[in-house]
Amino acid sequence: EVQLEESGGGLVQTGGSLRLSCVASGFTFDDLTIGWFRQGPGKEREPVSCISGVDGSTYYLESVKDRFTISSDNAKNTVYLQMNSLKPEDTAVYYCAAALGLPLYGLSFSPGYHYWGQGTQVTVSS
């Protein structure tokens with residue numbers, strides 16, 4: 001079983017930055033795909049960015065490209081989401097999720113992820 005622990009959320013002003021961390025235990029990152037998903041108030045959950053330790057592939061939501069960067073530290077079994085130029089519409093609970101191997105039907109398809117963290121709140125004030 002994979003266990004995930006997220007950290008790094010908080011309150012930031014528009015244009016600010018935050019870095020989210022997701023530490024995975026139970027499996028090494030080489031065997032996992034890690035995704036960051038978010039759910040804003042009154043919105044459906046959406047994929048933000050994903051990275052696979054299996055083949056190095058990545059995914060970014062169009063609206064966060066050029067602002068967010070996903071990366072991994074394999075030695076620490078940790079995936080980071082660096083979020084720059086934050087906007088109020090980025091406000092959401094951000095969840096880290098893991099899939100063993102490559103998730104079925106693609107990196108951004110949330111049902112392909114079987115392990116989920118507890119979520120961390122990101123609030124961007126205008």
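Since we're looking at a predicted model, the values are computed, not measured. Quick note: numbers below take in every heavy atom, side chains included, and nothing from hydrogens, waters or symmetry partners.
- Tyr105 forms part of a hydrophobic cluster together with Leu104, Phe109, judged by ILVMFWY side-chain heavy-atom separations under 4.5 Å.
- Thr91 contributes a side-chain N or O that, together with a main-chain N or O of Val124, makes up a donor-acceptor pair within less than 3.5 Å.
- Listed by chain and number, the residues in a side-chain hydrogen bond (donor to acceptor under 3.5 Å, both in side chains) with Ser57 are Asp55 (sequence neighbours excluded).
- Pairs engaging residues 71-97 under the ring pair (Phe, Tyr, Trp, His ring centres under 6.0 Å) rule: none recorded [sequence neighbours left out].
- For the pairing with Gln13, the side chain to side chain contact (heavy atoms under 4.5 Å, CB included) check across Ser126, Ser125, Pro88 returns one residue only, Ser125.
- Contacts of Ser49 classified as side-chain hydrogen bond (donor to acceptor under 3.5 Å, both in side chains), with partners at least two apart in sequence or in another chain: none.
- With sequence neighbours left out, the salt bridge (Lys or Arg N to Asp or Glu O under 4.0 Å) criterion links Glu1 to no other residue.
- A donor-acceptor contact under 3.5 angstrom links the side chains of Ser17 and Asn84, judged on distance only.
- Applying the disulfide (SG to SG under 2.5 Å) test to Cys50 and every residue at least two apart in sequence or in another chain returns nothing.
- Residues forming a side-chain hydrogen bond (donor to acceptor under 3.5 Å, both in side chains) with Arg45 (at least two apart in sequence, or on another chain): none.
- Here the options are Ser21, Cys96, Ser72, the test is side chain to side chain contact (heavy atoms under 4.5 Å, CB included), and the partner is Val79; only Ser72 passes.
- Among residue pairs with one or both ends in residues 97-126, none qualify as disulfide (SG to SG under 2.5 Å); sequence neighbours excluded.
- Residue pairs meeting the salt bridge (charged side-chain N to carboxylate O under 4.0 Å, His left out) criterion with at least one member in residues 76-94, sequence neighbours excluded, are Arg38-Asp90, Arg67-Asp90.
- Applying the ring pair (Phe, Tyr, Trp, His ring centres under 6.0 Å) test to residues at least two apart or on different chains, the pairs with a partner in residues 31-73 are Phe37-Tyr113, Phe37-Trp116.
- Shown here are the side-chain hydrogen bond (donor to acceptor under 3.5 Å, both in side chains) partners of Gln121, two or more places apart in sequence or in another chain: Thr123.
- Annotation for Glu44: atom CD does not count as buried by contact number, only 12 or fewer foreign heavy atoms lying within 6.0 Å.
- When the side chain to side chain contact (heavy atoms under 4.5 Å, CB included) test is applied to Val54, the partners found at least two apart in sequence or on another chain are Ser52, Leu102.
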